[in-house]
Amino acid sequence: METQVNQSTGNKKRPLIIGLAVIAVLAIGATAYAMFVDLSPRELYLKSEMNTFKALNESFEDSFEDALALQDKQMDEAYKSEARVGVEMDPGMLGAGGMEAAMIGSVLSNSEIKLTTQHDPKKEEGSADIALTMNNTDLVKAEFYQNNKQTAVSVPAAYDKHVYFPNNQFGDVMRKFDPAYQGMEKLENFFKAVEGDISEKARDEAFQEFAKVYADSVKDENVKLKDNVEFKGEKLRELTVSLSEKETKTLLVNFIEKIEKDDEILDAVAEQAALQGGLPTGTMAPTGSMSKEEAKKELKKVLADAKKAINDDLEIPGGMKQVVIVDGDDKVVSRDLSMKIGANGEEAVPMNYKSESWTKDETTNSSWVLNAGPEGETLLVDVKMESEPKGKEGKKRDIKAKFEMTENGTTEGIGFHIKGEGTSKKSKWTAQLVPAGDAPMELPDMTVEVEHTGDQNLDKDYANHDYKVTLIGNDPSMGDINVGLNIKTKTTFGEKLKFPELSKGKAENIAEMSDAEMMGMMSEIQRNIEQFIGENAQMFQGL
């Protein structure tokens, strides 16, 4: 589990420094991958970290096996995915009664929102459309299509042709509507960016490289072994790993330099940043205008600035100390990591991270606790999970978490409780918000229930998953609340996908339109919308 902290005490450098340090702390799971016969304390520690990481990775893959397999196949093969969303609710919740309630109920029971996605990763083109259907007929529909050269949109109820523009003329098109526009000039291929994840091979290679960076930073003199330490009624081994301030800062710099040299990681991050309009910097949102090349250049600058901040401003008095307890299978069952982090001229902020994971009678209890911040201004993240087998292939889990902030002697917070059981084919989960802290937030009386059934066989090129999401609760102004969403998804592979033909007569290139042509098109769109509303006035009145 990863947790990030960004706590400010007034100095602008502190969020960056604390963030870097926390990333380093929680990156310790990526450690050495060598196996040894006669283990020194250092070798035992590195082997235990590696075994623990592998076990966590296997547990994650087991829990999300179907979803991960579907995602991997979608990155390689052409597919069509359709999701239908229907709503169940009592019209009385909206204050409706009599004929009005009957009309609303009829509309809801016969209506769905249909979302359809098509994507061909090899051709790097795709489409996404959303439609409001009644009695299985599209009432109103909007479509978005894109490849590496062009982007097109279509709303048949408003205009009978696709309207498109070259991706590299996006800025010119926007200025047709707003002469003061100063955003991005080129539109990136959304489908390419979304599916353009780092390959599994590259991820494995990157993991080994980062693991080696950490392993090389831990020397024999950094690790001490103590036998027969009691943990949950057993006598286990305890390893204390201590890195000085200089060693910890060197480790952070080495991690950053490893990223700087990995073009696949840089390209993946830059592509996502360009899609979102730029890189977030500090507390600032993305600028709204940045190409992939500019994003990569800016990312390199951010990494260089981070290295400079570590070398020039970061202070870790006392360095980093970690105490881990290792079981008989050479896996970490307890971790206690502490350090102080500060900037030049500031009081260092203490941070402590503790985790445990142990199994008894097939029940695994895990916990993750993070405390960070100066005295009187602490952030607490506390997560506990109990997991046990349920049936032949199922799991039963109970998760409790709370987030608390202490300031000026008062602790405010919020928590949640999630529990459920099932398999990849059928499961049911519930989630509730719960109070936390000595000044808990006022929370609504609400419970979310999620039921899932799945039928997936990727060897036969299909995946069907259905969900029912129900919100149950009580509100003083509305009374009892019971609203449900029925979501049915169907994904098929290997189909010959149908994309719009962007040719003259069948589509309009908005980038080449004159002002007069633009005004004519806008007038036609306005007339069509007015006509559509008039023809469907009864439905709109019912809603």
field: Closest contact, heavy atoms only, T378 versus G373
entry: CG2-O, 3.9 Å
field: Electrostatic pair E356:K232 at N-O distance under 4.0 angstrom
entry: yes
query: Got a salt bridge between D330 and R237, using NZ or NE/NH1/NH2 to carboxylate O under 4.0 Å?
result: yes
message: Using 0.5 Å steps for rounding, measure from the CD1 atom of I259 to the CG atom of L266.
response: 8.0 Å
Basic-acidic side-chain contact under 4.0 Å: E247, K249: no
query: Going by heavy atoms in the side chains, are S40 and D220 under 4.5 Å from each other?
result: yes
query: Among side-chain atoms of Q456 and N464, is any donor-acceptor pair under 3.5 angstrom?
result: no
- request: Enumerate the residue pairs fulfilling ring pair (Phe, Tyr, Trp, His ring centres under 6.0 Å) with a member in residues 378-412, sequence neighbours excluded, ordered by first and then second residue.
  value: none
- request: Taking all heavy atoms of G473 and all of M446, pick out the closest pair and write down the distance.
  value: CA-SD, 3.9 Å
message: Strictly below 4.0 Å, N to O, side chains only: are E421 and K426 in salt-bridge contact?
response: no
message: Strictly below 4.0 Å, N to O, side chains only: are K296 and D267 in salt-bridge contact?
response: yes
- prompt: Do N474 and I481 come within less than 4.5 Å of each other through their side chains, counting heavy atoms only?
  reply: no
task: Compute the ring centroids of F60 and F64, then answer whether they are less than 6.0 Å apart.
output: yes
query: Considering residues at least two apart in sequence or located in another chain, which fulfil the side-chain hydrogen bond (donor to acceptor under 3.5 Å, both in side chains) criterion with T470?
result: none
message: Could you go through Q432 and T447, starting from their C-alpha distance and side-chain angles, then the distance that decides it, and tell me whether this counts as side-chain hydrogen bond (donor to acceptor under 3.5 Å, both in side chains)?
response: CA-CA 5 Å; Q432 287 179 301; T447 299; 3.0 Å; yes
message: When you compare the side chain of V323 with that of R335, does any pair of heavy atoms fall below 4.5 Å?
response: no
message: Between E88 and K468, does any side-chain N to carboxylate O distance fall below 4.0 Å?
response: yes
- prompt: So how far is it from R42 CZ to N222 CG, rounded to the nearest 0.5 Å?
  reply: 9.0 Å
task: Considering non-hydrogen atoms only, spot the tightest contact between S355 and W368 and give its length.
output: CB-CD1, 3.9 Å
message: Holding to side chain to side chain contact (heavy atoms under 4.5 Å, CB included), I want the full list of residues that pass it with T359, two or more places apart in sequence or in another chain.
response: T364
query: Considering only heavy atoms from C-beta outward, does the side chain of R397 approach that of S63 to under 4.5 Å?
result: yes
task: Answer yes or no: is there a side-chain heavy-atom contact under 4.5 Å between L370 and L380?
output: no
query: In terms of the angle between their ring planes, are H452 and H465 parallel, tilted or perpendicular, with boundaries placed at 30° and 60°?
result: parallel
query: Taking C-beta and beyond as the side chain, do T492 and Y79 meet within less than 4.5 Å on heavy atoms?
result: no
query: Relative to the ring of W358, is the ring of F231 parallel (under 30°), tilted (30 to 60°) or perpendicular (over 60°)?
result: perpendicular
field: Cation-pi geometry met for K73 and F493 (6.0 Å, 45°)
entry: yes
query: Looking at K307 and E260, does any basic side-chain N land under 4.0 Å from a carboxylate oxygen?
result: yes
message: I'd like to know if E82 pairs up with K490 as an ion pair, taking the criterion as any Lys NZ or Arg NE/NH1/NH2 lying under 4.0 Å from an Asp or Glu carboxylate oxygen.
response: no
- line: Nearest heavy-atom contact between Y45 and L239 is CA-CD1, 3.7 Å
query: Is the shortest side-chain N to carboxylate O distance from K258 to D262 below 4.0 Å?
result: no
field: Closest approach of E362 to P389 (non-hydrogen atoms, all atoms of both residues)
entry: O-CD, 3.2 Å
- request: Identify the two heavy atoms, one from P317 and one from E245, that lie closest to each other, and give their separation to 0.1 Å.
  value: N-OE2, 4.0 Å
- prompt: Can we say D312 and K308 salt-bridge, meaning some charged N sits less than 4.0 Å from an Asp/Glu carboxylate O?
  reply: yes
Donor + acceptor pair across side chains of N51, D329 (<3.5 Å): no
